[in-house]
Amino acid sequence: MTTKSEQTREALVETALAMFREHGYEKTTMRAIAAEAGVSQGNAYYYFDGKDALVQQLYLRLQAEHRDVALAAIRDGAPLADNLCALWRAGIDVMEPYHGFGSTLLTTALQASSGTSPLSGASAQARDDAIGLVADVLERSKGVPGGALRRQLPMLLWLVYLGITLHWVCDDSEQRARTMTLIDGVAPILARMLMLARLPVGRGLVADITALVEKLTPTGSLPTAPPEPASRTSSTVRTEAG
């Protein structure tokens, strides 16, 4: 049985998400959220220190739904390009009800100091969830390189997805057709590029990329990519890496 406190908190979250969808980020205020939820403004601030904290609740819910939809769509042993398409298309489908909200949030979220930035400390849990989902998709795909690139790949592909999300926010085409075209084009290109890791000339390029990522990632900011799972034997990695 849920407590009154839990019911109040849930009411504030549900009200905020509905108002974000209907009115956008800028026009939604804590005062309006509290009034619509039937609680005092002071009580609303007791549970959430501002609407940015409620945006984080949205991020977490979207990540949970994205995981459910994506894992049902990808196929074990499918080519990486196919599973990346399924992963990213699932994410766009899940976010679609909030398309208008995304455009009003964009100006704030792009500020590095904003609590709604996907790179902020406040977004750490949602970010970890998103990168973890990419890692799971990689684990179920074929054609994934090993070594240092494999360890950094979940984070790198999540950064690519951030770029796709930015395109989606600005996409006014019917049913976000341009974003879907972008996904269908980018996924196989990336998969082919990763094949370079199997060639001698590609290994030098991979070393340069991984070194650059390490230099550009301040300690404690972005999460480190998870280590290769123990279930992936050395022979499996050698096979994938050529």
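Not measured: the values here are computed from a predicted model.
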Would you please say whether a donor-acceptor pair under 3.5 Å links the side chains of T116 and Y59? no

Does any non-hydrogen side-chain atom of L153 lie less than 4.5 Å from one of P145? yes

Working to the nearest 0.5 angstrom, can you tell me the gap between Y46 OH and R9 CZ? 11.0 Å

Check against salt bridge (Lys or Arg N to Asp or Glu O under 4.0 Å), R178 and D171: CA-CA 7 Å; R178 287 199 299 269; D171 186 359; 3.3 Å; yes

Sole residue of T28, L17, L106, V55 in side-chain contact (heavy atoms from CB on, under 4.5 Å) with F101: V55

Which pair of heavy atoms, one from D129 and one from R67, lies closest together, and at what distance? O-NH2, 4.4 Å

Around E36, counting heavy atoms of other residues, nucleotides and ligands shown, do more than 12 lie under 6.0 Å from its CD? no

Interatomic spacing from CG in L156 to CD1 in I131 - rounded to 0.5 Å: 9.5 Å

Please name the residue in the list L133, V144, N83, L87 that meets the side-chain contact (heavy atoms from CB on, under 4.5 Å) test with L138. V144

Could you tell me whether the side chain of D136 reaches within less than 4.5 Å of the side chain of E139, counting heavy atoms only? no

Residue pair A109 / P118: nearest heavy atoms and the distance that separates them: O-CD, 4.1 Å

When you compare the side chain of V137 with that of L157, does any pair of heavy atoms fall below 4.5 Å? no

Going only through I, L, V, M, F, W and Y residues with side-chain contacts under 4.5 Å, is there a path from M195 to L80? no

May I ask you to test the L71-R140 pair for a side-chain heavy-atom distance under 4.5 Å? yes

Starting at CG of L110, measure out to CG of L105 and round the result to the nearest 0.5 Å. 8.5 Å

Reported NZ-to-CG distance for the pair K51 and L58, which is rounded to 0.5 angstrom: 13.5 Å

Examine L12 and L60 and state if one hydrophobic cluster contains both, with Ile, Leu, Val, Met, Phe, Trp and Tyr joined whenever side-chain heavy atoms are less than 4.5 Å apart. no

Kindly state each residue pair satisfying salt bridge (charged side-chain N to carboxylate O under 4.0 Å, His left out) with at least one member in residues 11-21, sequence neighbours excluded. E14-R61

Within this structure, what is the OG-CZ distance for the pair S40 and R31, rounded to the nearest 0.5 Å? 11.0 Å

Starting at CD1 of I92, measure out to CD of Q175 and round the result to the nearest 0.5 Å. 13.5 Å

Is there a side-chain contact between W158 and R127 (heavy atoms, below 4.5 Å)? yes

Side-chain H-bond candidate by donor/acceptor type, S123 with S120, under 3.5 Å: yes

Would you say the side-chain atoms of Q56 and D52 include a donor-acceptor pair closer than 3.5 Å? no

Any side chain to side chain donor-acceptor pair (under 3.5 Å) pairs touching residues 160-170, not counting sequence neighbours? E96-W168, H167-T179

Nearest non-hydrogen partners of A81 and A191, listed with the distance: CB-CB, 3.9 Å

Quick check on the hydrophobic clustering: are L166 and L182 connected, directly or via other members, by side-chain heavy-atom contacts under 4.5 Å? yes

Does any part of the side chain of L54, heavy atoms only, come nearer than 4.5 Å to the side chain of F20, both counted from C-beta? yes

Given side chains that start at C-beta, do those of M95 and L62 come closer than 4.5 Å, heavy atoms only? yes

Does some side-chain heavy atom of W88 sit less than 4.5 Å from a side-chain heavy atom of V160? yes

